[in-house]
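One-based numbering, in listed order, for ligands and for the atoms of each.
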Amino acid sequence: MTVTDRKLPVVILISGTGSNMCRLAELMQTGELPIEIRAVISDRADAKGLVTASGMGIKTESLNPKAFAQRSEFDAALAKKVSSYEPELVILAGFMRILDSQFVSRFTDRMLNIHPSLLPRYPGLHTHQRALDAGDEVHGASVHFVTPELDGGPVVIQARVPVLKDDSAESLAERVLQQEHHIYPLAVQLFAEGRLRLRSGKVWLDDRELNAPLQVMNGKTP
Ligand code: GRF
């Protein structure tokens, strides 16, 4: 095996449909993304994405938060499960639980999340409706390193999506999701190639500190 054949071991956490996970898995399977998805883990046994992953031949697991008396116990059990796969990158892809600081520090500098807004605008839920209510002309999605602050970690790449006159939260979400499927693989690829890193809380690309997130507009990197 040459250095370039090396695949980055990753674990993906999901809670629902898992379309971002599926896109990453497709690109892994066509050889376009140098990763090895060791497991897809969900906090919901009925997550649709688990069926998709397992149909693609990927190992799946679920862990029910209700089986634990306290949130911290669930987070510790999840951290243990994730660690058992020895991932070099943990990918949150629609994982709908807030992870505690112990979990986050265990995977510090090697955990990414995708969020459907142009962070720092609209951390949290209902981002598309909030963008519409604010009359934003441009909305989008961000990939960021995970820190203990919810949706507050350093942003790596953003996709900007124009808001159309007749958009509903659903139609806007659909177009944003298409762009998520473009920027998440890009960020994961940069990390897998060793080009993207978080050092002392700052994003570095190719040994240069990024002073602003990479930007994609209408599917193109300017
Ligand atoms: C995406 O919009 C992602 O940004 C957010 O949750 C959604 C997950 O979608 N964190 P999917 O499960 O990947 O289809």
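- His115 meets the ring-ring contact (aromatic ring centres under 6.0 Å, His included) test with no other residue; sequence neighbours excluded.
- Nearest protein heavy-atom contact of atom 3 (C) of ligand 1 is Glu180 OE1, 3.1 Å.
- By the 4.5 Å heavy-atom criterion applied to side chains, Asn20 and His181 are counted as neighbours.
- For atom 9 (O) of ligand 1, the closest heavy atom belonging to the protein is Asn20 ND2, 4.0 Å.
- We find that Arg38 and Glu36 are joined by a salt bridge, their nearest charged nitrogen and carboxylate oxygen being less than 4.0 Å apart.
- Residue contacts with ligand 1 for Met96 are absent, since no atom lies close enough (heavy atoms, distance under 4.0 Å).
- Both the sub-6.0 Å distance and the 45° axial angle are not jointly satisfied by Arg23 relative to the ring of Tyr184.
- Ion pairing between a basic and an acidic side chain is recognised when a charged N comes within 4.0 Å of a carboxylate O; Asp46 and Arg44 show such pairing.
- In this structure, Pro116 counts as a contact residue of ligand 1, since one of its heavy atoms falls inside 4.0 Å of the ligand.
- When only non-hydrogen protein atoms are considered, atom 10 (N) of ligand 1 lies nearest to Ile114 O, 3.0 Å.
- Take Ser171 and apply the side-chain hydrogen bond (donor to acceptor under 3.5 Å, both in side chains) test, not counting sequence neighbours, and it matches Asp167, Ser168.
- The single protein non-hydrogen atom nearest to atom 6 (O) of ligand 1 is Gly94 CA, 3.5 Å, given as residue, atom name and distance.
- Scanning all protein heavy atoms for the shortest distance to atom 14 (O) of ligand 1 gives Ser19 OG, 2.5 Å.
- Using 4.0 Å as the threshold, Gly49 has no heavy atom nearer than that to any atom of ligand 1.
- Protein heavy atom nearest atom 12 (O) of ligand 1, with residue, atom name and distance: Gly18 N, 2.7 Å.
- With a 6.0 Å cutoff to the six-membered ring centre and a 45° limit on the axis angle, Arg199 counts as a cation-pi contact of Trp204.
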